[in-house]
Chemist: 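Provided herewith is a single structure, encoded as structure tokens, for subsequent inquiry.
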Amino acid sequence: MTPQLKNLLIMLGAIAVILIIVILLFSGKSSFRRLLSVFLEEEGENSNNFSYKGAPTRGRPAAEPVQKSKSEPTVVMATLIRKSDDRLRIIESTGRERIEDEYYELVFVTRKGHKLKIECSPQAYERVPFNQQGSLTYKRNTLVKFKYYEDTVFN
């Protein structure tokens, strides 16, 4: 084996070892990366930005809070500020109409000023009133109920 070939194999082996170390240290679930993110985090303890532990903040504006999603229902005091829907209406040549891909969303603002985007049914979409403060119960960004002074709306 010539010295040049021997040097080439040593270089290729070193490159492979370095790549393996980089992959192990900087993979998504590595403890080294979690430790490194603590030191490189831009937001401090007294920051005005709102986010939950483990929530992704990359790609979002700093002023938009991160809405938590967990399996048990969450209850907050909130006020409805916006309704939005997305429906595909199909009209056939026979005159028959049908709606597909319905999506209804309610946007609430909490007492702390955080916006929550909650998916709901068409009936709840129609019944929840604007500017009425009440107790919002939701589970994983889906409405469970909205209870306010005059009525209770279930999903």
Chemist: Indicate, with yes or no, if Y125 and V144 share a hydrophobic cluster defined by side-chain heavy-atom contacts under 4.5 Å among Ile, Leu, Val, Met, Phe, Trp and Tyr.
Modeler: no

Chemist: Under 6.0 Å between the ring centres of F146 and F154?
Modeler: no

Chemist: Report the distance from atom NZ of K145 to atom CG of D151, rounding to the nearest 0.5 Å.
Modeler: 11.5 Å

Chemist: The test is side-chain contact (heavy atoms from CB on, under 4.5 Å); show your working for Y138 and V75 and say whether it passes.
Modeler: CA-CA 7 Å; Y138 65 97; V75 181; over 6 Å; no

Chemist: Taking V17 as the starting point, is it possible to reach L9 by hopping between hydrophobic residues whose side chains are less than 4.5 Å apart?
Modeler: no

Chemist: Mind checking the CG-CE spacing from L8 to M1? Nearest 0.5 Å is all I need.
Modeler: 10.5 Å

Chemist: Any idea which heavy atoms bring L80 and R82 closest together, and the distance?
Modeler: CD1-O, 3.4 Å

Chemist: Report yes or no: do I23 and I15 belong to one cluster of Ile/Leu/Val/Met/Phe/Trp/Tyr joined by side chain heavy-atom distances under 4.5 Å?
Modeler: no

Chemist: Are more than 12 heavy atoms from other residues, nucleotides or ligands located less than 6.0 Å from atom NZ of K147?
Modeler: no

Chemist: Using the rule that Ile, Leu, Val, Met, Phe, Trp and Tyr join whenever any side-chain heavy atoms are under 4.5 Å apart, tell me whether V76 and I118 fall into a single cluster.
Modeler: yes

Chemist: Would you say T110 and L116 make side-chain contact, with heavy atoms under 4.5 Å?
Modeler: yes

Chemist: For residues Q133 and R111, determine if any side-chain heavy atom of one lies less than 4.5 Å from a side-chain heavy atom of the other.
Modeler: yes

Chemist: Under the criterion side chain to side chain donor-acceptor pair (under 3.5 Å), I'd like the reasoning laid out for Y103 against E105: C-alpha separation, chi angles, the key distance, then a yes or no.
Modeler: CA-CA 7 Å; Y103 178 77; E105 183 178 80; 3.0 Å; yes

Chemist: Does V107 reach the side chain of K83, with side-chain heavy atoms less than 4.5 Å apart?
Modeler: no

Chemist: Quick check: closest heavy atoms across E102 and P122, and the distance to 0.1 Å?
Modeler: OE2-CG, 4.3 Å

Chemist: Determine whether V128 and L106 satisfy the following criterion, side-chain contact (heavy atoms from CB on, under 4.5 Å), listing intermediate values before the conclusion.
Modeler: CA-CA 9 Å; V128 175; L106 303 172; 4.0 Å; yes

Chemist: Count the heavy atoms belonging to other residues, nucleotides or ligands that lie under 6.0 Å from OH of Y149, then report whether that count exceeds 12.
Modeler: no

Chemist: Is the NZ or CZ atom of K115 positioned over F108's six-membered ring, under 6.0 angstrom from the centre and within 45° of the axis?
Modeler: no

Chemist: Which is it for N141 and E119 under the side-chain contact (heavy atoms from CB on, under 4.5 Å) test, yes or no, and what are the steps along the way?
Modeler: CA-CA 6 Å; N141 302 338; E119 185 178 344; 5.8 Å; no

Chemist: Is the shortest side-chain heavy-atom distance between T142 and N155 below 4.5 Å?
Modeler: yes

Chemist: When rounded to the nearest 0.5 angstrom, what distance separates CD in E126 from SG in C120?
Modeler: 9.0 Å

Chemist: Would the distance check show the side chain of D85 and the main-chain N or O of Y104 forming a donor-acceptor pair, the cut-off being under 3.5 Å?
Modeler: no

Chemist: Would you name the heavy atoms of Q132 and Y148 that are closest together and state the gap between them?
Modeler: CG-CD1, 3.3 Å

Chemist: Before giving the answer on side-chain contact (heavy atoms from CB on, under 4.5 Å), spell out for E100 and R87 the whole-Å C-alpha distance, their side-chain angles and the decisive distance to 0.1 Å.
Modeler: CA-CA 6 Å; E100 290 184 1; R87 297 175 271 192; over 6 Å; no

Chemist: Less than 4.5 Å apart, any side-chain heavy atom of L136 and any of L143?
Modeler: yes

